[in-house]
Amino acid sequence: MNPRVNMAESPVARQMSKTFGAVTKAISASGLPRATQELVMIRASQINGCGFCVDMHTKDATAEGETAQRLHLVAVWREATVYSDAERAALELAEQGTRIADAAGGVPDEVWADAAKHYDEEQLSGLVALIALINAANRTQVMTRQPAGGYVVGQFG
């Protein structure tokens, strides 16, 4: 697959990357656990078919100590026993937020309430921002056909 746009050379893409970086810092400051962040980004990227982001976030999660078992089971997290109740609530919110067009009323109240049992308002704000950000990143990478497999941990900062 050949990319449609060289994202590294595009001034607009570079500015977007800086903006994404600033949002990422705010998310990190929310107190949302880093492992949860990576799991959420992987799951949303799987749903959106973004190979570039799946590659990046599985490699980043591995570098941060995530286990292969948990990474392999993200796509089937409902059937897996390796995630905490808090992680499961975050994954459900990520799925509902990613598939928001599929739900007539948006994210169901019970999904939000479950996440709110495990995360405070700052963490929930970080989680919502993370879900929005990864969906924007996925759409950017998919539309411009960025290939998967070449990401090197730390290449973006």
Side-chain angles (χ1 to χ4, degrees), residues 1-68 70-77 83 86-87 89-107 111-112 115 119-157:
M1 176 167 69
N2 294 318
R4 291 176 168 155
V5 174
N6 184 334
M7 299 297 279
E9 292 182 8
S10 165
V12 170
R14 283 198 306 271
Q15 182 58 47
M16 185 176 64
S17 181
K18 287 179 187 176
T19 302
F20 279 15
V23 175
T24 299
K25 286 180 184 176
I27 293 164
S28 293
S30 76
L32 185 66
R34 187 74 191 133
T36 302
Q37 292 179 45
E38 291 296 346
L39 294 172
V40 162
M41 289 187 286
I42 292 165
R43 185 63 191 126
S45 299
Q46 290 170 335
I47 292 166
N48 289 322
C50 184
F52 183 90
C53 291
V54 170
D55 179 44
M56 181 167 95
H57 294 294
T58 56
K59 287 176 179 175
D60 285 347
T62 299
E64 293 172 14
E66 189 58 80
T67 68
R70 284 169 44 93
L71 293 176
H72 293 307
L73 292 172
V74 173
V76 293
W77 64 268
Y83 304 108
E87 290 168 333
L91 288 165
E92 180 67 24
L93 186 61
E95 285 194 6
Q96 294 292 327
T98 297
R99 293 183 167 135
I100 203 162
D102 298 338
V107 174
V111 171
W112 183 265
Y119 301 103
D120 63 27
E121 283 198 18
E122 286 300 302
Q123 292 168 323
L124 281 169
S125 295
L127 185 55
V128 168
L130 179 66
I131 294 164
L133 182 67
I134 193 59
N135 275 279
N138 292 162
R139 282 153 176 76
T140 301
Q141 304 309 325
V142 170
M143 283 189 283
T144 61
R145 290 190 178 162
Q146 300 304 305
Y151 175 76
V152 176
V153 173
Q155 84 178 57
F156 296 124

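All residue numbers in this chain count up from 1 along the given sequence.
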Hits for salt bridge (Lys or Arg N to Asp or Glu O under 4.0 Å) against Glu66, two or more places apart or cross-chain, chain-then-number order -> Arg70
Problem - Under 3.5 Å donor-acceptor, Lys59 side chain and Gly154 backbone - result: no
CG of Leu39 to CD of Glu87, rounded to nearest 0.5 Å, is 5.5 Å
**Asked** Any chance CZ of Arg34 has more than 12 other-residue heavy atoms, nucleotides or ligands included, within less than 6.0 Å?
**Response** yes
Would you check if the side chain of Thr36 reaches a backbone N or O of Leu32 as a donor-acceptor pair within less than 3.5 Å?
-> no
Tell me whether Ser17 contacts the main-chain N or O of Arg14 through its side chain, where contact means a donor paired with an acceptor under 3.5 Å. no
Heavy-atom side-chain contact between Asp60 and Glu38 under 4.5 Å:
yes
For Gln46 and Val54, the nearest pair of non-hydrogen atoms, with its separation, is N-CG2, 3.8 Å
task = State, yes or no, whether a side-chain contact exists between Asn138 and Ser45 at a heavy-atom distance under 4.5 Å.
result = yes
Taking every heavy atom of Asn48 against every heavy atom of Arg139, the minimum-distance pair comes out as ND2-NH1, 3.3 Å
For Ile100 and Gly106 the tightest heavy-atom approach is CG1-CA, 4.1 Å
Only residue of Leu127, Leu130, Thr98 satisfying side-chain contact (heavy atoms from CB on, under 4.5 Å) with Leu93 is Leu127
Check whether any side-chain heavy atom of Tyr151 sits under 4.5 Å from a side-chain heavy atom of Thr58, and report yes or no. no
**Prompt:** Just wondering, do Pro33 and Tyr119 contact through their side chains at under 4.5 Å, heavy atoms?
**Reply:** yes
Q) With no hydrogens and no angle check, do the side chains of Glu92 and Trp77 hold a donor and an acceptor under 3.5 Å apart? A) no
| request: Check whether any side-chain N or O of Thr19 sits under 3.5 Å from a backbone N or O of Gln15 as a donor-acceptor pair, and report yes or no. | output: yes
**Asked** When you measure from the side chain of Asp55 to the backbone N and O of Ala148, does any donor-acceptor pair fall under 3.5 Å?
**Response** no
Side chain of Gln155, backbone of Val152: donor and acceptor closer than 3.5 Å?
-> yes
Between Ala63 and Val153, the two heavy atoms sitting closest are CB-CG1, 3.8 Å
Minimal heavy-atom distance between Val40 and Ala94, with the atoms involved, is CG1-CB, 3.7 Å
Rounded to the nearest 0.5 angstrom, the SG-CD1 distance for Cys50 and Ile42 is 12.0 Å
Rounded to the nearest 0.5 angstrom, the OG-CD distance for Ser125 and Glu122 is 5.5 Å
Rounding to 0.5 Å, atoms OG1 (Thr67) and NE2 (His72) come to a distance of 8.5 Å
Short question: side chain of Asn135, backbone of Ile131 - any donor-acceptor pair under 3.5 Å?
-> yes
### Query
Would you say the side-chain atoms of Ser10 pair up with the backbone N or O of Asn6, donor to acceptor, closer than 3.5 Å?
no
- Message: Measuring only between side-chain heavy atoms, which start at C-beta, is Val142 closer than 4.5 Å to Phe52?
- Response: no
*Check whether any side-chain heavy atom of His57 lies under 4.5 Å from a side-chain heavy atom of Gln37, and answer yes or no.*
no
Between Ser30 and Gln123, the two heavy atoms sitting closest are O-CG, 3.4 Å
Donor-acceptor check, side chain of Arg4 to backbone of Met143, threshold 3.5 angstrom: yes or no? yes
Exercise. Evaluate side-chain contact (heavy atoms from CB on, under 4.5 Å) for Thr140 paired with Met16, printing each intermediate quantity in order.
Key: CA-CA 10 Å; Thr140 301; Met16 185 176 64; 3.4 Å; yes
